[in-house]
Visitor: 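This structure is in structure tokens; I'll ask about it shortly.
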2 protein chains.
Amino acid sequence: MKISSEPSVGGELWEMLPVGPRRALAQAAASEFGKRGYHATTTRHIAEHVGMSPAGLYVHYASKAELLFTISRIGHESVLSESSAALEGISSPDERVHALVRSFTIWHAVNHNLARVIQYELRSLEPKHYQVIAAIRRSTEALAAEVFRPLFRDAESLSMHTVAILSLGIDVARWYVPGRSPDPIVLGEAYAKLARNLLRA
Amino acid sequence: MKISSEPSVGGELWEMLPVGPRRALAQAAASEFGKRGYHATTTRHIAEHVGMSPAGLYVHYASKAELLFTISRIGHESVLSESSAALEGISSPDERVHALVRSFTIWHAVNHNLARVIQYELRSLEPKHYQVIAAIRRSTEALAAEVFRPLFRDAESLSMHTVAILSLGIDVARWYVPGRSPDPIVLGEAYAKLARNLLRA
DNA sequence: GCGCTTACTAAGCGCTTGCTTACCTTGCAT
DNA sequence: ATGCAAGGTAAGCAAGCGCTTAGTAAGCGC
């Protein structure tokens with residue numbers, strides 16, 4: 001049943017936005033926010049990135065905050081859906097751990113710029129936006145905990161190991177440098193093995 | 001020889017600054033930068049935090065950037081010295097790994113606010129300041145690699161495992177919440193065991 | 001007592017910020 | 001042909017920013 005659509009490592013990230021200025025602005029904002037941080041990035045930076053006047057941005061987005069929200073939502077939904085997709089058809093607990101960690105790590109390596117935004121700019125979201133994002137994050141964490149649960153007895157130990165393994169993937173966004181760091185797929189495979197070592201207590 | 005001075009978990013962090021407004025301002029800035037981020041924090045926030053007028057800050061620091069540099073340097077030097085101190089008198093490779101990870105993790109949990117600044121505001125440093133900070137970071141990473149080296153054959157594997165284990169400690173700064181998260185010492189002990197599991201390949 | 005340094009404040013300057021306004025095209029249904 | 005919505009620009013506004021200036025008050029050596 002996986003003939004027509006392979007996982008294809010982060011291809012259709014921006015597909016939920018129409019081709020055109022709305023998508024281009026979101027991509028530009030993701031790039032700039034990821035490089036400089038939300039508060040250090042000006043609307044003029046973003047506009048210039050797409051070759052538009054500063055005012056042109058407001059034809060497509062109501063505010064800089066809405067741009068951050070859009071980006072953050074797309075990123076979080078992508079992580080969740082790719083993690084979920086990676087588990088499809090896999091039933092062995094060990095293999096499920098492997099598939100999840102591998103997918104999660106690869107996502108943060110391939111999309112390290114966007115990952116920085118969604119992981120480190122949560123506090124820059126407006127309260128109403130944050131609530132929406134937080135809900136998606138809870139789903140992702142719940143999915144991970146569900147995958148790791150078969151390997152644990154007590155909830156406390158499960159919780160700590162879940163946090164630790166997600167930490168490994170998330171922190172990739174902080175240190176990953178395209179040229180100097182390992183290939184995403186190599187890294188994902190290595191981290192998946194690391195996680196399985198970590199989980200045999 | 002350890003009669004008078006125990007490690008004492010992050011006690012003398014600010015002692016290199018004289019008691020008084022200079023120290024108070026640094027602590028206030030660390031607190032505000034950690035909470036809101038460097039670029040979202042204004043000099044008025046910091047001044048208000050110590051009950052001073054916005055202009056009073058500039059009697060003790062030349063700029064907001066110098067405040068960030070001072071904080072970052074103190075934090076990085078503290079991590080390095082505490083990590084180094086934790087290894088004193090320990091010769092068994094396994095125990096050295098345990099001591100380092102334990103100390104590193106505890107530091108990031110106890111000082112999670114300052115840790116956020118030193119780990120996530122590197123790009124906010126001015127180029128000249130960054131060079132100084134980067135040198136300290138290289139020392140810390142070298143220390144960690146030295147501790148892990150006895151357990152590895154090839155340099156590539158050592159490098160990846162070093163990054164991964166430091167990731168665990170650093171990412172504590174991102175998610176740690178004083179009331180809801182484990183006690184720093186408990187967490188440090190747990191993560192040290194995690195790291196030893198991780199390192200038996 | 002005097003002069004000088006140190007620590008601080010009130011006021012505000014120059015600049016940048018996010019965003020708005022007024023206007024100008026272009027494409028297209030009627 | 002024409003009316004009009006959609007997408008863009010030039011100019012600029014109000015607010016907030018880091019930081020400076022001018023002045024005050026207290027402490028201290030002599």
Side-chain angles (χ1 to χ4, degrees), chain A residues 14 16-73 117 121-130, chain B residues 14 16-73 117 121-130:
Chain A
W14 304 100
M16 64 192 321
L17 293 176
V19 184
R22 203 173 149 79
R23 185 189 292 188
L25 281 165
Q27 290 172 323
S31 168
E32 298 291 326
F33 290 164
K35 196 193 312 175
R36 259 179 294 239
Y38 176 74
H39 287 289
T41 302
T42 70
T43 54
R44 285 163 178 83
H45 285 140
I46 300 167
E48 196 175 3
H49 193 290
V50 299
M52 199 179 265
S53 79
L57 192 152
Y58 293 91
V59 173
H60 307 282
Y61 291 92
S63 64
K64 185 184 166 189
E66 196 205 305
L67 253 173
L68 175 62
F69 175 53
T70 302
I71 290 167
S72 191
R73 204 187 51 218
V117 179
E121 297 287 1
L122 289 170
R123 62 184 167 190
S124 303
L125 288 163
E126 293 184 351
K128 277 212 166 183
H129 292 157
Y130 176 76
Chain B
W14 304 100
M16 64 194 320
L17 294 176
V19 185
R22 204 172 150 79
R23 184 187 293 188
L25 280 165
Q27 291 172 323
S31 168
E32 297 292 326
F33 290 164
K35 197 194 310 174
R36 258 180 294 238
Y38 176 74
H39 287 289
T41 302
T42 71
T43 54
R44 286 163 178 83
H45 285 138
I46 300 167
E48 195 176 2
H49 192 289
V50 299
M52 201 180 263
S53 81
L57 192 153
Y58 293 91
V59 174
H60 306 283
Y61 291 92
S63 64
K64 185 185 166 190
E66 196 205 304
L67 253 173
L68 175 62
F69 176 51
T70 302
I71 289 165
S72 193
R73 205 187 50 217
V117 178
E121 298 287 2
L122 288 171
R123 62 185 167 189
S124 303
L125 288 164
E126 295 186 349
K128 279 212 162 183
H129 292 158
Y130 176 76

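Since the structure is predicted, the reported quantities are computational estimates derived from the model, not experimental observations. Residue numbering restarts at 1 for every chain, and letters A, B, ... go by the order of the sequence lines.
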Visitor: Supply the atom-to-atom distance B:Lys64 NZ to B:Thr41 OG1, rounded to the nearest 0.5 angstrom.
Guide: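 With rounding to 0.5 Å, NZ (B:Lys64) is 6.5 Å from OG1 (B:Thr41).
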Visitor: Under the salt bridge (charged side-chain N to carboxylate O under 4.0 Å, His left out) rule, collect the residues that match up with A:Arg123, sequence neighbours excluded.
Guide: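 A:Arg123 satisfies salt bridge (charged side-chain N to carboxylate O under 4.0 Å, His left out) with B:Glu121 once adjacent residues are dropped.
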Visitor: Just verifying a value: how many Å separate A:Arg44 CZ and A:Leu57 CG, rounded to the nearest 0.5 Å?
Guide: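 Here the rounded value is 11.0 Å.
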Visitor: Residues of residues 61-70 of chain B with any non-hydrogen atom less than 4.0 angstrom from an atom of DNA chain D: list those, numerically ordered, please.
Guide: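 Result for residues 61-70 of chain B: B:Ser63, B:Lys64, sorted by number.
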Visitor: Take a 6.0 Å sphere around CD of B:Glu66 and say whether it holds more than 12 heavy atoms from other residues, nucleotides or ligands.
Guide: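 More than 12 within 6.0 Å, yes.
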Visitor: Give a yes or no on this: more than 12 heavy atoms of other residues, nucleotides or ligands lie within 6.0 Å of atom OH of A:Tyr58.
Guide: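 Enclosed.
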Visitor: Out of curiosity, A:Thr70 OG1 to A:His129 NE2, how far, rounded to the nearest 0.5 Å?
Guide: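 Taking OG1 in A:Thr70 and NE2 in A:His129, the distance rounds to 7.5 Å.
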Visitor: Which heavy atom of A:Pro54 sits nearest a heavy atom of A:Ala47, and at what distance?
Guide: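 Result for this residue pair: CA-CB, 3.8 Å.
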Visitor: In residues 47-54 of chain B, what residues come within less than 4.0 Å of DNA chain C, judged by heavy atoms?
Guide: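 The stretch gives B:Met52, B:Ser53 as the residues lying under 4.0 Å from the strand, ordered by number.
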Visitor: Let me confirm one number: the OG-CG distance from A:Ser72 to A:Leu67, rounded to the nearest 0.5 Å.
Guide: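 If we round to the nearest 0.5 Å, A:Ser72:OG and A:Leu67:CG are 12.0 Å apart.
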Visitor: Using a heavy-atom distance cut-off of less than 4.0 Å, which residues of residues 19-29 of chain A contact DNA chain D?
Guide: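 When residues 19-29 of chain A is checked for heavy atoms under 4.0 Å from DNA chain D, the hits, listed by number, are A:Pro21.
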Visitor: What range of DNA chain D does chain B touch, first nucleotide to last, counting atoms under 4.0 Å from its heavy atoms?
Guide: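 Nucleotide range with atoms under 4.0 Å of chain B: D:dC17 to D:dT20.
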Visitor: When the side chains of residues 17-31 of chain A are checked against the rest of the protein, which donor-acceptor pairs come out under 3.5 Å, sequence neighbours left out?
Guide:
{"unit_1": "A:Arg22", "atom_1": "NH1", "unit_2": "A:His60", "atom_2": "O", "d": "2.6"}
{"unit_1": "A:Arg23", "atom_1": "NE", "unit_2": "A:Trp14", "atom_2": "O", "d": "3.1"}
{"unit_1": "A:Arg23", "atom_1": "NE", "unit_2": "A:Leu17", "atom_2": "O", "d": "3.0"}
{"unit_1": "A:Arg23", "atom_1": "NH2", "unit_2": "A:Leu17", "atom_2": "O", "d": "2.7"}

Visitor: Test of understanding: with ring pair (Phe, Tyr, Trp, His ring centres under 6.0 Å), list the residues that count as partners of B:Tyr61, not counting sequence neighbours.
Guide: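 For B:Tyr61 there are no ring pair (Phe, Tyr, Trp, His ring centres under 6.0 Å) partners, ignoring immediate neighbours.
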Visitor: Please identify each residue that fulfils side chain to side chain contact (heavy atoms under 4.5 Å, CB included) with A:Ser53, with sequence neighbours left out.
Guide: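 Side chain to side chain contact (heavy atoms under 4.5 Å, CB included) check on A:Ser53 returns A:Ala55.
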Visitor: Under the side-chain hydrogen bond (donor to acceptor under 3.5 Å, both in side chains) test, which residues partner B:Thr43, sequence neighbours left out?
Guide: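 With sequence neighbours excluded, B:Thr43 shows a side-chain hydrogen bond (donor to acceptor under 3.5 Å, both in side chains) to no residue whatsoever.
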Visitor: Quick one: which residue pairs count as a ring pair (Phe, Tyr, Trp, His ring centres under 6.0 Å) with a foot in residues 16-50 of chain B, not counting sequence neighbours?
Guide: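 Ring pair (Phe, Tyr, Trp, His ring centres under 6.0 Å) check on residues 16-50 of chain B returns B:Phe33-B:Tyr38.
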Visitor: Through what angle, rounded to 10 degrees, does the axis of the helix from C:dG1-D:dC30 to C:dT30-D:dA1 turn between its ends, using five pairs per end?
Guide: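 The helix from C:dG1-D:dC30 to C:dT30-D:dA1 shows an end-to-end axis angle of 10°.
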